[in-house]
Amino acid sequence: MNIGIIGCGTIGSELAKSIEKFNGVSIVALCDVDEEKAKKLLLQLSTKPQIVGIDKLIEISELVIESASKHIVKEVAEKTLFKGKDLMIMSVGGLIGNDPHISAPIYEHIFKLAEKNNCKLYIPSGAICGLDGVNSASIGKINSVTLTTTKPPKALEGAPYIVKNKINLNTITTKTIIFEGSALEAVDAFPANINVAASLSIAGIGAEKTKVKIVADPNTGKNMHEIVVEGVFGKLTTSTENLPSPNNPKTSYLAVLSAISMVKKIVGNVKVGN
Ligand SMILES: NC(=O)c1ccc[n+]([C@@H]2O[C@H](COP(=O)([O-])OP(=O)(O)OC[C@H]3O[C@@H](n4cnc5c(N)ncnc54)[C@H](O)[C@@H]3O)[C@@H](O)[C@H]2O)c1
């Protein structure tokens with residue numbers, strides 16, 4: 001499978017270095033807005049992909065992997081699917097929210113394009129666990145989905161919701177709920193937290209119905225995500241305590257591993273779990 005990677009940062013680089021060893025994988029193209037990042041990655045690969053722009057990358061790839069930014073997700077998805085190529089998206093936050101030019105939520109528009117052009121669209125679990133159960137549960141009726149994300153106060157610094165409400169994170173001495181709202185509201189309030197909320201919303205009951213709680217805990221150094229889902233199947237609870245990836249404290253290491261695992265599933269012969 002000829003693979004092109006858009007975004008040669010933490011996820012893109014670790015992913016490329018791992019998957020080039022998989023049977024049947026050939027990395028043919030790299031793209032990054034910062035060409036130095038693509039060049040640096042190229043030097044670490046034993047295969048020699050071309051460094052190209054987005055359009056050329058899509059042209060020569062069978063599977064396009066986006067690991068760049070939520071701001072390019074819609075453009076990359078439309079171009080890739082229109083060309084009949086498969087796509088894996090890491091910046092899942094770019095799929096939720098509304099776009100003034102389309103009536104449905106962005107992900108519904110993109111899913112329809114994938115169907116129309118007979119392409120596969122892959123969204124890895126990223127930094128959370130439990131999407132296998134949510135996928136199964138969504139075949140029946142799900143009544144509620146809640147994501148509680150707990151972070152050290154300093155990890156929430158600069159979030160638009162914190163700035164707008166003039167919340168002084170330095171005064172927090174005990175575990176404190178900072179925000180409660182829908183995943184859709186969380187898009188603008190806490191954009192850095194949006195990937196996990198987006199994946200969960202898409203797998204479950206949508207961004208308007210998925211509840212998100214953001215908790216500041218001065219006694220933790222980790223980013224934690226707890227998911228509770230209730231439906232006709234019963235109740236599901238998962239808890240993930242993430243360590244940061246070695247090269248980027250903002251990206252949970254599990255998200256990197258999840259991307260690699262997804263490619264392994266795509267090219268592999270055995271698929272375990274939903
Ligand atoms: N699904 C999840 O759970 C999850 C978890 C962590 C990160 N992410 C998302 O995955 C993406 C990559 O994460 P990362 O940790 O590798 O980030 P990173 O900042 O380390 O790397 C991103 C790379 O993309 C490049 N880039 C940015 N905009 C671009 C554009 N318009 N065109 C081409 N290249 C561009 C940057 O120059 C950089 O090299 C981010 O959007 C991040 O939010 C998702």
Side-chain angles (χ1 to χ4, degrees), residues 4-19 29-44 49-58 61 64-80 87-97 106-107 121-131 134 147 149 151 155 158-159 183 186-187 190-203 207 212 222-225 227 238 240-263:
I5 299 175
I6 303 174
C8 305
T10 310
I11 295 178
S13 297
E14 290 306 315
L15 177 73
K17 287 186 273 176
S18 288
I19 67 173
L30 301 175
C31 166
D32 200 295
V33 72
D34 176 353
E35 206 178 309
E36 289 309 310
K37 295 259 183 77
K39 283 183 182 162
K40 190 178 163 202
L41 174 57
L42 184 69
L43 291 174
Q44 299 172 68
Q50 298 179 47
I51 297 176
V52 289
I54 289 177
D55 292 331
K56 177 76 178 168
L57 180 140
I58 294 170
S61 305
V64 172
I65 299 180
E66 179 286 322
S67 54
S69 158
K70 68 172 188 171
H71 301 294
I72 61 162
V73 164
K74 182 168 168 278
E75 180 202 340
V76 167
E78 287 178 340
K79 286 182 169 173
T80 303
L87 173 66
M88 181 169 127
I89 293 173
M90 288 312 295
S91 310
V92 202
L95 286 176
I96 66 168
I106 296 173
Y107 67 88
L121 177 60
Y122 303 99
I123 301 176
S125 302
I128 46 172
C129 295
L131 289 195
V134 182
L147 168 72
T149 293
K151 293 187 168 188
V187 177
F190 291 90
N193 193 53
I194 203 55
N195 291 307
V196 286
S199 318
L200 182 60
S201 300
I202 292 168
V212 174
K222 294 173 186 159
N223 290 343
M224 289 177 282
H225 302 293
I227 294 170
T238 74
T240 314
E241 286 188 23
N242 282 299
L243 291 174
S245 49
N247 303 325
N248 182 352
K250 284 191 181 162
T251 293
S252 298
Y253 190 41
L254 190 64
V256 179
L257 300 176
S258 158
I260 297 166
S261 158
M262 181 60 102
V263 175

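Each ligand, and each atom within it, is numbered from 1 in the order the structure gives. None of these values were measured; they are calculated from a predicted model.
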Proximity to ligand 1 by part of A255, non-hydrogen separation under 4.0 Å
side chain
Could you pull out the closest heavy-atom pair between N195 and G93, with the gap in Å?
OD1-N, 3.0 Å
Shortest heavy-atom approach to atom 27 (C) of ligand 1 - which of P249, G94, A68, A197
A68
Any idea which protein heavy atom is nearest atom 19 (O) of ligand 1, and the distance to it?
N248 ND2, 4.3 Å
Under the salt bridge (charged side-chain N to carboxylate O under 4.0 Å, His left out) definition, can you give me all pairs with a residue in residues 193-203, not counting sequence neighbours?
none
For a quick test of reading the model, state the closest non-hydrogen atom pair linking A207 to Y107 and the distance between them.
N-OH, 4.3 Å
Of T10, N242, V256, V33, the one whose closest heavy atom lies nearest atom 32 (N) of ligand 1 is V33
Is I5 close to L41 at the side-chain level, that is, under 4.5 Å between some pair of heavy atoms?
no
What protein heavy atom lies closest to atom 38 (C) of ligand 1? Include the residue and the distance to one decimal.
D32 OD2, 3.5 Å
With heavy atoms of V92 as the reference, note each atom of ligand 1 found under 4.0 Å away.
1 (N)
Which protein heavy atom lies closest to atom 40 (C) of ligand 1, and at what distance to 0.1 Å?
S91 OG, 3.6 Å
From atom 12 (C) of ligand 1, work out which of S245, P191, S67, G53 has a heavy atom at the shortest distance.
S67
Can you list everything that forms a salt bridge (charged side-chain N to carboxylate O under 4.0 Å, His left out) with K79? Sequence neighbours excluded, please.
D55, E75
Check A183 against I96 and note the closest heavy-atom contact, atom names and distance.
O-CD1, 4.2 Å
Atom 3 (O) of ligand 1 - nearest protein heavy atom and its distance
A127 N, 3.1 Å
Which atoms of ligand 1 sit under 4.0 Å from any heavy atom of S69?
28 (N), 41 (O)
Starting from atom 15 (O) of ligand 1, which protein heavy atom do you reach first, and at what distance in Å?
T251 OG1, 2.4 Å
Atom 21 (O) of ligand 1: the protein heavy-atom neighbour that sits closest, reported with distance to 0.1 Å:
G9 CA, 3.2 Å
How far is atom 8 (N) of ligand 1 from its nearest protein heavy atom, and which residue and atom name does that atom have?
N195 ND2, 3.3 Å
Is the backbone of P124 close enough, under 3.5 Å, to the side chain of S258 for a donor and an acceptor to pair up by distance?
no
What part of C8 sits under 4.0 Å from ligand 1 if we count only heavy atoms: the side chain, the backbone, both or neither?
backbone
Least distance between heavy atoms, A127 atom then V196 atom:
CB-CG1, 3.9 Å
SB check K74 E78 (cutoff 4.0 Å)
yes
Heavy-atom distances under 4.0 Å decide this one: backbone, side chain, both or neither, for K37 against ligand 1?
side chain
In this structure, atom 31 (N) of ligand 1 is nearest to the protein heavy atom I72 CG2, 3.2 Å
Taking every non-hydrogen atom, the tightest pair across I123 and S199:
CG2-OG, 4.4 Å
Any S252 heavy atom less than 4.0 Å from ligand 1:
no
What's the shortest heavy-atom distance between I106 and L95, and which atoms?
CB-O, 3.5 Å
Backbone or side chain, does any N or O of I54 fall under 3.5 Å from an N or O of ligand 1?
no
